[in-house]
Every structure is written in structure tokens, then in C-alpha cells.
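Data block below; observations after.
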Amino acid sequence: MKTVRTGLTALIFLLVSAAVASAGPRSKKKPAPMSAPTPESVFGFAPGADYHLADFEQMIKFYQALAANSDRVKLQDIGPTGYGRQMFIAIISSEANIRELDHYKSLVQQLASGTVDEATAHKLAEEGKAIVWIDGGLHATEVAGAQQSPLLAYRVATEETPEMQRIRDNVILVQCPVINPDGLDIVAHWYAKNVNTPYELAPVTQLWNKYVGHDNNRDWYMFNTIESRDVAKELYQEWFPQIIYNQHQSGPFPSRIFVPPFDDPMNPNIPAEVVRGVNLVGDAMTRRFTAENQPGAVSRQEFDMWWNGGMRTAPYYHNMIGILTETALFDYATPGYYSPQSLPKVFPNGVSATEPSIYYPDPWRGGWWHLKDAVDYMITGDMAVLDIAARRKDQWLFDFWQMCHDEIAQGAKGGPYAYVVPETQHDSTATEDMLFALQTGGVEIRKATQAFTVNGKEYPAGTIVMPAAQRFRPYLVDLMEPQHYPDIRLYPGGPPKRPYDMAGWTLPMQMGVDVVRVDQPMQIATEATKITEPAHHFDAPAGKKLGRIGLYDSWQPNMDAGWTRWLLDRYAIPFADLHDADIRAGDLRQKFDVIILPQQSEPGMLHGWQPGEPQRFGGGEAVTQRPEYVGGLGLSGVMALEEFVKTGGQIIAMDEASQLVIQEFGLPVRNALANVGPSQFYAPGSLLHIDVDPDLPEARGMQKNSVAFFVNSEAFDVWDPKDPAGPPRFTGSNERKTNPFTQLGDHDGIRILAVYPKTNPLMSGWLLGEKLIEGKVAAVSVPFGKGRVVLIGFRCQFRGQPENTFPLLFNSLVISSDSGASAGSRGAR
Ligand SMILES: [Zn+2]
């Protein structure tokens, strides 16, 4: 029935309806959204204020107060961090959408299945809401990310502009205010301790999370850290966001923010629709920066679309639009001034930094840069993403379905059709680790219910099968197959264009898992199966026990030390952290049998932090680092290490750290790649073939044909110490009459553990100048005094990934059981 009302009655009716809508169906009426607390009222300062950083506790307080006072905000715990803090997400949308959250979640989950038909997909897309993930970043020293999060949450929850209403109606924002709460506190508390002292800008002296620091954004296919597992569950099992925006600092100087489009190369496994979507969002962002009068947005530099494994890159292989921006950073919450004359004239890639160009049409001209500026740029980026998500809501949802659907159809055609993981494996733990990581990343893993035959070989019921006909097929295929990084030069004949991160990462290769590719479609009866993470334990060989282990840990935070700690903890292997002063104090043999030197540059180890020039404070005794962290191993540390080995200790030195031992101890070993320029040799993160001698104690349990993770690493020439010519000097020309060892095996105590093959060392990624590495030694154990030095030229435990070469580290941690030393000492931790 049509009712005619007077204007006044209609107004009252509208107000009552609005009140009912905002109060929701609950009996307990909440205050109107506009009474939500501002971040400033909770923190005591506005986010982004000079010299102030909110920590995680303040963050939680604000979000709890916001959720308690707004029906547009819902908080959800997503799991613990390494140090036991609780991570959370804030889900922000209109009151109506928040009430029906489970419904909207189920719509997107149906679309993500890829199995509904096109007409249904259109209907679901029309009814559904775009899911947008925005996070405050995970790199803790890039401080603006976490600080902008509460401002964005407050704005989306309370602002009443037509634009924001449209956003709330059409978008469900899943905001992770900070992916690395441990790091936020480490950095915020360090800065609070130093602000207004001569150490205000001092670099943090520990990794800003339990294990891996900056590499927390390198873990998005292995999921070795607990935080990446927590987040992966939300992305790939719960919310299936169509757009993921991951905040970072800092972009190519002097730009103020890097915004997509990204640079070439593009990984061919990424769906074209994803790249188109990324470019579209990037364009919306740059337009908004211009509209908001925020100059200095740059695109198509440095950050490429090759790698899988970053927070914004792994989603590409899940048919999701991954956006990264890199906003300019000064230091912490301290403002910095850049005089216009001091700005560089060109970017590292040669593009002008002063004249407008296609991807930098609005150059930044210098001046002050405050934390608040970075926060404002990030909010502009957020708003651009939310706005275009709202405007194209149906399309984003439908496109997502389309990609999931097409990938399933493509996989059903074969080439590949499936990957089979035979039950018999060299290392069953590595196999289970690989499957667990894949399933965490959203890969569908099945188990054969009947025996089947591939290429004349029968596989029994129970064999693991990963069909290519699955929605995240690009992710599965990319992780199973070798990468072929293109040889791109910065200019003809010039140095190579390096990939932003790794060039190759194929999981079965680096983990030493046998996987059989099935190319042609065939019938395999399967059922879904859940993979559980295997237990990890260390077995010492007969007659051996774990030595007392020390792990060198520089005050210059070292991610490789962090990953080594992670690995030892995973296998419950006791150890003690050794800082510079512990080593300089000497008497190491009294306390340790084995000392690990993780990958680190020789100067970094020797000198550590140096006293520097005062920054914001003039004159006096000011230094840039707190005095308790200044200095490295120094001469006394090196002599203590030498004494340790001479009296029977063992040192394991990895990659560049081997240079310290080689040079300071005078070992008959040289890095064949020293002083070779990047135009002649380049392997910035590739999987290389190695031949291994598993009969040697240090290589026990390894496969003869193995794989090394090589990250601009080392390749050794090893000489017979009895050779009267001796090894070549480190500088100058070296005419040699005799040849270094190239054969595996024990040569009078010098054990050649692994060598790069004489032909075709590259397995996955990119290798330029392979002749320079062919036949060289990859790992060697050299006697020295009563002890030994084990030099591992490549990265045997890189990011906790290449399980295939973990034994090279583990085997050298044991001593004979009849040795008097007692195992287990981690007092220094
Ligand atoms: Zn970052």
C-alpha cells in the first residue's frame, strides 16, 4: 500500500530507519559511528606526528575502542606471532555488510571455487562485495605503514562522504594493521629509547622479528614463519581478496612513492588478467596522487613481476591483484630535509629525476619530509584502491571467478595434467615439508584411491597427486617447474638487469623431492587429503653426538644468522648466540666445539657498526650507534677464532663469511669469482647443480646429484698446501703452473665435499658466465691445526628452503661420542 506522508513525517521515518540500521539487530544499542574514538584520543598524539611512534599495545587499544563504538568494524584474531603477540585483522564495511559477513564470505568462496557456471558467477558477483585486503606492512623499520593503519580504519568507519558511503556499501575492507607486531614493538621501543639523544637515528641492532627480519617478505611460498602462515590462511582459505595492497617504504630516490605498473620481466605463469588489473589499480593511484597534489609518484622501476614468494607477488599466482607501493622514508619519526640542489638528476635506471616523463610526470622538487607526509601518501594510495574496488565491484569479483575457472579448464587439458609425488623419497621429512607448504599456500593436494600407471610405472593407492586442474594452478606450476629468467640488459652490451629478488626457486629441486610430471590427461581416482606438518628431529650418526655449538650473531642484524637460528630451533638443536665481545674474549675452546659463521661480508664481521658523524645533534661526543653495539670481531676476535680451530674446534663458514676465514687464517682456497664484474658473471639467486661425495663425513646423507641455492655466492679454487708454488696471492696477476683440486674426495685431509659440474650447472633461474664456475669447488673441509674449517660457498640453509643441502650444516655440528665435551649450551641466549 502506498502511503502519502508529509515532509516532516518522511524525515522522521528516515531518521528512525537510519537509527535502526546503524544499531543493528542486537538488543544492546551501540553509540552512533561518529562517536568512535580518534586514533589521537587513544595514542595521545596524532599518528604520523614527528618523533612519535605508536606501538602494538596502543594499536590494539585503538582498534578495540573503535570496534566497541562502531557497527561497521569487527576484529578477528588471526594467530600468534613468533614472540607470542596476537595478530588481528579489522573487517570494516557498512553495518549491513558486517551483519551479513558470513553470507558475503560464502559468495566469494563460491566464486573462488571456479566451479559455478558463468551465469551463476555473474549473479554472485552482482550480489557480492569486493574483498580488499590492505595491510600496514611487515617491514618494521618502514614505520609509516603501521602508523597509517588506524587513520585509515577510522576514516573508513566514520567518514560520511558519498565516496566513502559507496566504498562501505560495495567493499569489505579486510585490514591487517600490522603483519609484524613483534617488529613494530622492537622498532617503536628502540626509537623511544633513542629519540632526543645522540642515537636518535641509530639503526636497530637486532632482527625485528623472532628470526628473519626483512626476509619476512621472502617467505610467502615456504611459510616457515608463523606470521606468514597466519596471513596465508586468511588470504587463501577464508577471504580470497580480489585486491591485496601491501605497504612498504622506500622507493627509488628522490621519488616520494613507487606505484605500479611494475617493471619487466613478468613471470609467464601469472595470468594476463592479473597484470591488467595491477596496471589499472596503479593508474587509479597515480591519478589520485595528482588530484591530491602529492607529487613524486613513479612507476616502472626496479620492482618487477618475476618472483613468487613476496606478500604482494605470491597472490598473482592465486589470481589476485597484488599491489605494492614504496613510500619515501627518512628515519623513524624524525623529519628530514632535502635541498633541491642535492637531489640526484637521474634514477638508477637512467630515467630523469628532474624532468617529467611518462612514468614520473610530476617530479618531487625537494624540501622537508615528515612521517606525516608518508602517512598521507599511504592513505591516498589506500583510498584509490578502495575507490576503484567499489566502482568496479562486480567486475573484480567476476574476473576473479573467470581466472579460477579458466585455470581449472586449462589444467584439465594437460601439459601438465598433474604432479605425482612417489611414496619412496630420499628424504620423507623434506617431502612432507614441501606438501605442507603447498597446502598452506592454497594448493589442492589429493591422494590416489587406486593404483595407477604413469610412463609404464605403477603407483599404489595412497600416492599423492596434485592435479593441474585447480584454481591456483599458476602457483602450483610455478613452484614445481624450473624458472627461465630472461637475459635482459640495462642497455645493449651493458650489465644485466637484475631480478628484484630470486631468479629461480623450484621447490622439488631445492628440497630434494622426487616429483613426477604427468603431461597427458588420464584417469586417476583421488580423494582430498590433509597434510600435517612433520616432526623435525636431528639424528646424530653412530658414534657421534652434537657438539657445543656457538652461532655468531653480529650487532648488524643478519638474516642468515636468523634463518640459522630458525633451523636449529626447528630441529631442537641447542646452541648459544655469540656476539662480537663473546668471541673477542677468547677461550672459545673451553665452551664450544663448533662455531657457525653465517653469510655476512668480511668487513661487516670485522668492523661492525662504526662510530659515525653526529646527525641531528651537533658536535660533542655524538655517535650514530649506541657505544655498546659499536665494533666487530676485530683482530682479537679473529685471533680467538684461529686459536679455537688450532686447539681442535671446528668452524663452519657460509658463503661470504668464508672469506674472513680464508684470508685471516691463510687457507689454500680462493674465491674464483672475486673481482669478476656482473657483466661477466651473474647468478642472483638460482638453483645450480652440484656433485656431492656422500662418503665424506660432512656430506653424509646427501644425494650424489644435488642442488645448491646460489645467491651471488662463491666458487672455490682449492690448492694442495704441499704445492711449492702455493695458492695465488689475493691481488695482482697469478701465473699458475699447477692446478687446483677439482675431484671430489679426501685429498690428504682436504675434503672436497661438493663441486659445480663441468657442464650445464644451471637448473632453475639465471646464470650468466657459467664457464667461470664450471668444475669449481662448492664446499670444502680444510684441516687447520687440530681442528677443521668447513667452507660452504653457497647458501645451504637459505631462508630455510633448500632442505636438500641442510645436511652440509648438520653433519658438521657433531663430534665423536667419546669426546669429553658435554653437548648443549645456550646460556648466552
Ligand atoms: Zn619493505
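Note that the numbering runs from 1 along the sequence shown for the chain. Read the numbers this way: they start at 1 and go in the same order the structure lists the ligands and their atoms.
One finds a salt bridge joining Asp433 and Arg570 here, because a Lys/Arg side-chain nitrogen approaches an Asp/Glu carboxylate oxygen to under 4.0 Å.
A distance below 6.0 Å separates the ring centres of Tyr682 and Trp766. In this structure, the ring of Tyr317 has its center no less than 6.0 angstrom from the ring center of Tyr221.
Here the angle at the Zn ion (ligand 1) defined by OE2 in Glu142 and ND1 in His139 stands at 90°, rounded to 10 degrees.
Taking the centre and axis of the six-membered ring of Tyr316, the NZ or CZ atom of Arg276 falls outside the cone set by 45° and 6.0 Å.
Here Glu326 fails the criterion, with no N, O or S atom under 2.8 Å of the Zn ion (ligand 1). Using a cut-off of 2.8 Å, one finds that His214 contributes no N/O/S atom close to the Zn ion (ligand 1).
Sorting the N, O or S atoms of His248 by how far they are from the Zn ion (ligand 1) puts ND1 first.
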